[in-house]
S.K.: 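Starting off with a structure, shown below.
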Amino acid sequence: VCAFPQETGAITRLVKAGRIDEAVAIYRWFMPLLHLDVNPKLVQNIKLAQAIVGRGSETVRPPRLPLAGAERERVVATIQHALDTRPTLPK
């Protein structure tokens, strides 16, 4: 949500306008990103997503450690896929 606020807002506006199919399409694109929140390293995942989109830093405070190795690569790939397939938002 913090890394992709326009998409979050679009879903809300579309639902309120009764444009459910359009909202669901954006939500389906969003789901892999939302799944980053449901793991023990959700703070690191969120901060990494924000850093990649230019909305913050991936630095975390101890005792948390930054993501590394294959775990970081997996999260970066999820975020990059979202960026590569980012939907055009309706007006």
Side-chain angles (χ1 to χ4, degrees):
V1 171
C2 295
F4 295 92
Q6 292 84 10
E7 289 78 6
T8 302
I11 291 169
T12 302
R13 286 188 302 280
L14 289 167
V15 168
K16 286 182 177 182
R19 296 165 62 183
I20 305 302
D21 290 341
E22 292 171 90
V24 168
I26 296 168
Y27 183 77
R28 285 188 177 139
W29 164 84
F30 216 160
M31 280 303 298
L33 294 167
L34 296 174
H35 283 224
L36 296 176
D37 284 5
V38 291
N39 101 25
K41 294 189 179 172
L42 68 101
V43 171
Q44 290 93 323
N45 293 342
I46 292 167
K47 290 186 70 68
L48 178 57
Q50 288 179 282
I52 288 173
V53 301
R55 294 187 174 271
S57 164
E58 69 178 291
T59 303
V60 292
R61 287 188 235 155
R64 291 185 172 96
L65 299 173
L67 297 176
E71 184 175 40
R72 187 178 193 284
E73 290 172 14
R74 180 186 58 78
V75 174
V76 168
T78 298
I79 298 162
Q80 190 58 54
H81 178 73
L83 289 169
D84 292 345
T85 61
R86 200 171 199 169
T88 301
L89 300 179
K91 296 181 181 194

S.K.: Do other residues, nucleotides or ligands put more than 12 heavy atoms under 6.0 Å from the OH atom of Tyr27?
M.R.: no
S.K.: Give the minimum heavy-atom separation between Cys2 and Gln50, together with the two atoms involved.
M.R.: CB-NE2, 3.4 Å
S.K.: Roughly how far apart are Ile26 CD1 and Met31 CE, rounded to 0.5 Å?
M.R.: 14.5 Å
S.K.: Where is the tightest heavy-atom contact between Leu67 and Lys41, given as atom of each residue plus distance?
M.R.: CD2-CD, 3.7 Å
S.K.: Once rounded to the nearest 0.5 Å, what's the spacing between atom CZ of Arg74 and atom CZ of Arg72?
M.R.: 12.5 Å
S.K.: To the nearest 0.5 angstrom, please state how far the CD atom of Glu7 sits from the CG atom of Leu89.
M.R.: 5.0 Å
S.K.: Measuring from atom CZ of Phe30 to atom NE2 of His35, what distance do you get when rounded to the nearest 0.5 angstrom?
M.R.: 11.5 Å
S.K.: Could you measure the distance from the CD1 atom of Ile46 to the CD1 atom of Ile79? Nearest 0.5 Å is fine.
M.R.: 10.5 Å
S.K.: Starting at NZ of Lys16, measure out to CD1 of Ile11 and round the result to the nearest 0.5 Å.
M.R.: 13.0 Å
S.K.: At their closest point, which heavy atom of Pro32 faces which heavy atom of Thr78, and how far apart are they?
M.R.: O-CG2, 3.8 Å
S.K.: Side-chain contact test, heavy atoms from C-beta onward, threshold under 4.5 Å: evaluate it for Leu14 versus Ile20 and give yes or no.
M.R.: no
S.K.: Cluster question for you: counting only ILVMFWY and a side-chain heavy-atom cut-off of under 4.5 Å, with indirect links fine, are Phe4 and Leu42 together?
M.R.: no
S.K.: If you count heavy atoms of other groups shown closer than 6.0 angstrom to CZ of Arg55, is the number above 12?
M.R.: yes
S.K.: Are Leu33 and Val76 connected, step by step, through hydrophobic side chains (Ile, Leu, Val, Met, Phe, Trp, Tyr) whose heavy atoms are closer than 4.5 Å?
M.R.: yes
S.K.: Measure across Gln44 and Arg64 and return the closest heavy-atom pair with its distance rounded to 0.1 Å.
M.R.: NE2-CB, 3.5 Å
S.K.: Let me know which of Arg86, His81, Gln80 forms a side-chain hydrogen bond (donor to acceptor under 3.5 Å, both in side chains) with Asp84.
M.R.: Gln80
S.K.: Out of curiosity, does Val43 fall in the hydrophobic cluster containing Val75 (side-chain heavy atoms, cut-off under 4.5 Å, transitive links)?
M.R.: no
S.K.: Looking only at heavy atoms, which two atoms of Val60 and Leu65 are closest? And how far apart?
M.R.: CG2-C, 3.8 Å
S.K.: Quick one: closest heavy-atom pair of Ala82 and Trp29, and the distance?
M.R.: O-NE1, 3.1 Å
